[in-house]
Amino acid sequence: MAESNAEARSLNFLEEIVEEDLKSGKNKTILTRFPPEPNGYLHIGHAKSICLNFGLALEYGGKTNLRFDDTNPVKEETEYVESIIEDVKWLGFNPDKILYASDYFEQLYEFAVKLIKKGLAYVDDSSSEEIASQKGTPTEPGEANKYRNRSVEENLQLFREMRSGIYEDGEKVLRAKIDMGSPNMHMRDPIIYRIKKAHHHRTGNDWFIYPMYDFAHGQSDSIEHITHSICTLEFISHRPLYDWFIEKLEIFPSRQYEFARLNLTFTIMSKRKLLQLVNEKYVDSWDDPRMPTISGLRRRGYTPESIRNFTDRIGVQKRDNLIDVSLLEFCLREDLNKNALRKMVVFDPLKIVITNYPEQVEMMTTEDYPEAGEKSSKREIPFSRELYIEKEDFMENPPKKFFRLAPGKSVRLKSAYIIQCEQVIKDNQGNITELHCIYFPESKSGNDASGLKVQGTLHWVSKAHAIPVELRLYDRLFKVENPAMEEGDFKDYINPDSLEINRHALAEPSLANAKFNERYQFMRKAYFCLDKDSSEEKIIFNRTVSLKDGWAKEVKKG
RNA sequence: UGCCCGAUAGUAUAAAGGUAGUACGACAGAUUUUGAUUCUGUUUGUCGAGGUUCGAAUCCUCGUCGGGCAACCA
């Protein structure tokens with residue numbers, strides 16, 4: 001992956017660390033890991049972490065494990081495990097190994113015993129409230145309690161009993177004996193094992209005690225010989241603890257490095273809030289195309305390529321950030337522009353009759369991938385006397401800069417003829433019902449001998465051949481840039497117009513064979529993909545992202 | 001009023017004591033059988049005050065501002 005043509009490419013801080021460790025001989029090779037807790041679906045923020053961890057390993061010839069941090073049985077489910085594995089693979093990465101912290105429960109238990117034997121851990125009978133109050137606050141030191149001085153033998157006995165299941169949840173915990181006066185809250189004798197008589201998604205009912213994050217994560221890293229354990233900023237204050245356990249347990253010295261998590265405008269990244277949106281029906285599901293989840297983005301039509309590209313461009317640093325969603329959309333369009341099949345779909349049909357065109361069907365040839373130029377595959381589209389164009393592409397009294405159809409004005413119909421509007425037909429209420437136009441036979445696309453010049457080109461479908469489709473038009477989920485930072489409930493800022501369903505759109509006939517793995521550009525409108533709700537009777541497309549609309553901008557300016 | 005992170009255009013991200021650059025956005029223009037794409041140009045920045053130095057975004061000091069830390073969550 002190294003850039004050969006840019007030897008002076010600047011490195012991000014993680015790449016610098018890795019290069020230094022490789023150069024100094026500290027590591028011969030690197031091993032990273034992506035460590036999700038299977039308690040929810042992955043989102044675009046996780047994609048940044050995945051790309052970072054896998055990307056770093058790929059760049060320096062190392063490997064990456066996918067390891068589930070499954071130490072809290074009450075929150076974790078195999079449904080989440082499966083979705084996470086699928087999402088990582090969809091993004092284009094292959095874990096060297098798929099592992100689980102729960103695989104190490106026995107070993108972790110032995111680590112705890114070792115700590116007790118060294119006089120560095122003790123069983124505490126205090127209640128959760130007592131422990132909290134004894135812990136002090138960030139500005140006041142904590143204080144030791146009477147259990148802190150239990151003998152090694154007694155601690156060993158008690159810890160064994162905790163495992164055996166004779167105590168109930170909350171009766172006892174195992175704590176590391178460090179420093180109740182530490183300015184770092186995490187060093188004030190952190191709890192490392194608690195009793196939870198719960199069913200675990202993998203170990204079933206084998207265990208009554210489970211290790212806490214701080215006594216599982218670093219240890220798992222060490223067991224796997226992870227060289228660079230990359231996590232988000234909020235774990236910085238855990239690092240002294242991470243290192244303390246490695247030192248006292250005398251195990252492989254994995255090292256932790258922290259980066260700033262991704263924040264994106266007009267959405268939220270909290271798993272808890274995302275779960276709330278699903279549970280309270282603000283969205284249909286975890287993979288609702290409005291969700292920032294990987295599965296939502298996938299269903300929306302995002303490509304793995306565009307997401308990987310995006311994470312490359314945003315870089316990685318330790319400062320908080322809020323990235324403009326327009327950058328994500330730029331990366332998406334960049335990819336789709338190259339790879340989406342062009343199609344014609346009329347969203348809001350207006351009938352036109354070509355009065356001088358015979359009652360016949362003529363097949364027009366058009367390119368599937370205009371960006372590919374001559375190499376593009378081609379397809380044929382039926383053209384006939386009665387067509388539909390977009391309502392918004394006609395104006396009876398157009399402003400000067402309107403390049404589309406108007407009485408007496410002419411435009412080209414994409415890949416077909418130039419037409420001129422002769423007559424506007426209205427109903428009793430004065431609504432425009434159809435347009436009568438004439439076409440110029442000499443102007444046929446590909447061998448235009450008319451010499452006519454037009455300012456606009458419109459998309460169209462043939463009335464007799466068009467097929468009805470449903471379009472789901474998605475917009476941003478929130479009305480404000482940073483919902484998480486607003487006053488009050490984040491749900492008050494949900495965009496009520498985040499989904500608009502169009503049931504009267506008409507598509508060119510080739511779309512009857514739309515495929516799930518294909519991306520489309522409905523010309524002059526937006527990129528779309530087939531939705532999984534589609535059936536034989538109803539073809540449904542999701543709008544992935546709109547095309548940039550220079551005209552809309554012009555209109556807005558007035 | 002403890003400890004720990006951090007601060008470069010609107011948003012991100014480079015510059016490792018020596019010309020503040022790049023991308024996205026915005027704006028203007030060219031091209032265009034998609035008002036798309038492409039291309040060209042313009043715009044805007046080192047949190048503040050001191051210090052070290054021939055020279056500071058970079059090193060030091062003191063501030064200011066933002067974030068994190070007091071789950072038997074991860």
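Just so we're on the same page: letters track the sequence lines, and every chain starts at 1. Values below: every heavy atom of this structure, side chains too, minus hydrogens, waters and symmetry copies.
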According to a strict under-4.0 Å criterion, is [X] in side-chain N/O contact with OP1 or OP2 of [N]?
| X | N | value |
| --- | --- | --- |
| K548(A) | rU37(B) | yes |
| R524(A) | rG35(B) | yes |
| R313(A) | rA23(B) | no |
| R261(A) | rG67(B) | no |
| T71(A) | rC73(B) | no |
| K318(A) | rA7(B) | no |
| S128(A) | rC72(B) | yes |

Rounding to the closest angstrom, what is the interatomic distance between [N] and [M] at atom [atom1]?
| N | M | atom1 | value |
| --- | --- | --- | --- |
| rA14(B) | rA7(B) | C1' | 16 Å |
| rC69(B) | rC27(B) | C1' | 45 Å |
| rC39(B) | rC62(B) | P | 50 Å |
| rC72(B) | rC59(B) | C1' | 46 Å |
| rA36(B) | rA28(B) | P | 13 Å |
| rU61(B) | rU52(B) | C1' | 11 Å |
| rA15(B) | rC54(B) | P | 26 Å |
| rA74(B) | rU19(B) | C1' | 48 Å |

Could you state the [atom1]-[atom2] distance from [X] to [N], rounded to the nearest angstrom?
| X | N | atom1 | atom2 | answer |
| --- | --- | --- | --- | --- |
| E390(A) | rU34(B) | CD | C1' | 13 Å |
| D320(A) | rU11(B) | CG | P | 13 Å |
| N321(A) | rU11(B) | CG | P | 12 Å |
| M185(A) | rC72(B) | CE | P | 10 Å |
| I191(A) | rA74(B) | CD1 | C1' | 15 Å |
| R333(A) | rA23(B) | CZ | C1' | 16 Å |
| D189(A) | rA70(B) | CG | C1' | 14 Å |
| E234(A) | rC73(B) | CD | P | 17 Å |

- Message: Quick check: do L158(A) and K172(A) have side-chain heavy atoms less than 4.5 Å from each other?
- Response: yes
- Could you tell me whether the side chain of I419(A) reaches within less than 4.5 Å of the side chain of I438(A), counting heavy atoms only? no
Touch class at under 4.0 angstrom, heavy-atom based, for [X] against every strand present:
| X | value |
| --- | --- |
| P370(A) | base |
| S182(A) | nothing |
| Y210(A) | nothing |
| G456(A) | nothing |
| I418(A) | nothing |
| N337(A) | sugar-phosphate |

- Query: What do you reckon, are the aromatic ring centroids of F347(A) and F541(A) less than 6.0 Å apart?
  - Reply: no
Closest to the [X] side chain, choosing from [options]:
| X | options | value |
| --- | --- | --- |
| T137(A) | rC27(B), rA70(B), rU34(B) | rA70(B) |
| Q317(A) | rA12(B), rA71(B), rA14(B) | rA14(B) |
| R319(A) | rG35(B), rG6(B), rC69(B) | rG6(B) |
| F402(A) | rG2(B), rA74(B), rG35(B) | rG35(B) |
| E16(A) | rC24(B), rA16(B), rU37(B) | rA16(B) |
| E371(A) | rU37(B), rG2(B), rA26(B) | rU37(B) |
| F330(A) | rU34(B), rG25(B), rA12(B) | rG25(B) |
| P183(A) | rA74(B), rC3(B), rA14(B) | rC3(B) |
| S10(A) | rA74(B), rA14(B), rC73(B) | rA14(B) |

Least distance between heavy atoms, [X] atom then [Y] atom:
| X | Y | answer |
| --- | --- | --- |
| L264(A) | V325(A) | CD2-CA, 3.8 Å |
| T71(A) | F105(A) | CG2-CE2, 4.2 Å |
| I195(A) | Y167(A) | CD1-CB, 3.7 Å |
| R188(A) | R175(A) | O-NH1, 3.6 Å |
| K343(A) | S510(A) | NZ-OG, 2.9 Å |
| N155(A) | Y122(A) | OD1-CA, 3.5 Å |

- Considering only NZ, NE, NH1 and NH2 on the basic side and carboxylate oxygens on the acidic side, decide whether E362(A) and K444(A) come within less than 4.0 Å. yes
- Message: Any salt bridge linking R150(A) with D125(A)? Criterion: basic side-chain nitrogen under 4.0 Å from a carboxylate oxygen.
- Response: yes
Could a donor-acceptor pair under 3.5 angstrom be found where the side chain of [X] meets the base of [N]?
| X | N | value |
| --- | --- | --- |
| H238(A) | rA74(B) | yes |
| T457(A) | rU34(B) | no |
| R404(A) | rG35(B) | yes |
| Q521(A) | rU34(B) | yes |

- Query: Do any of residues 193-203 of chain A sit with a heavy atom less than 4.0 Å from RNA chain B, and if so which?
  - Reply: R194(A), K196(A)
- Going by 5.5 Å between centroids and 30° between planes, is there a stack of W551(A) over rG35(B)? yes
- Give each stem of RNA chain B as a range with a range, requiring at least 3 consecutive Watson-Crick or G-U wobble pairs whose two distances are under 3.5 Å. B:2-7 with B:64-69, B:10-13 with B:21-24, B:26-30 with B:38-42, B:47-51 with B:59-63
- Query: How are the rings of Y41(A) and Y80(A) set relative to one another: parallel (under 30°), tilted (30 to 60°) or perpendicular (over 60°)?
  - Reply: perpendicular
- Would you indicate whether M363(A), at its atom CE, is surrounded by more than 12 heavy atoms from other residues, nucleotides or ligands within a distance under 6.0 Å? yes
- CZ of R379(A): more than 12 outside heavy atoms within 6.0 angstrom? yes
- Message: Heavy-atom nearest nucleotide on RNA chain B for Q455(A) versus F13(A): which residue maps closer to 5'?
- Response: F13(A)
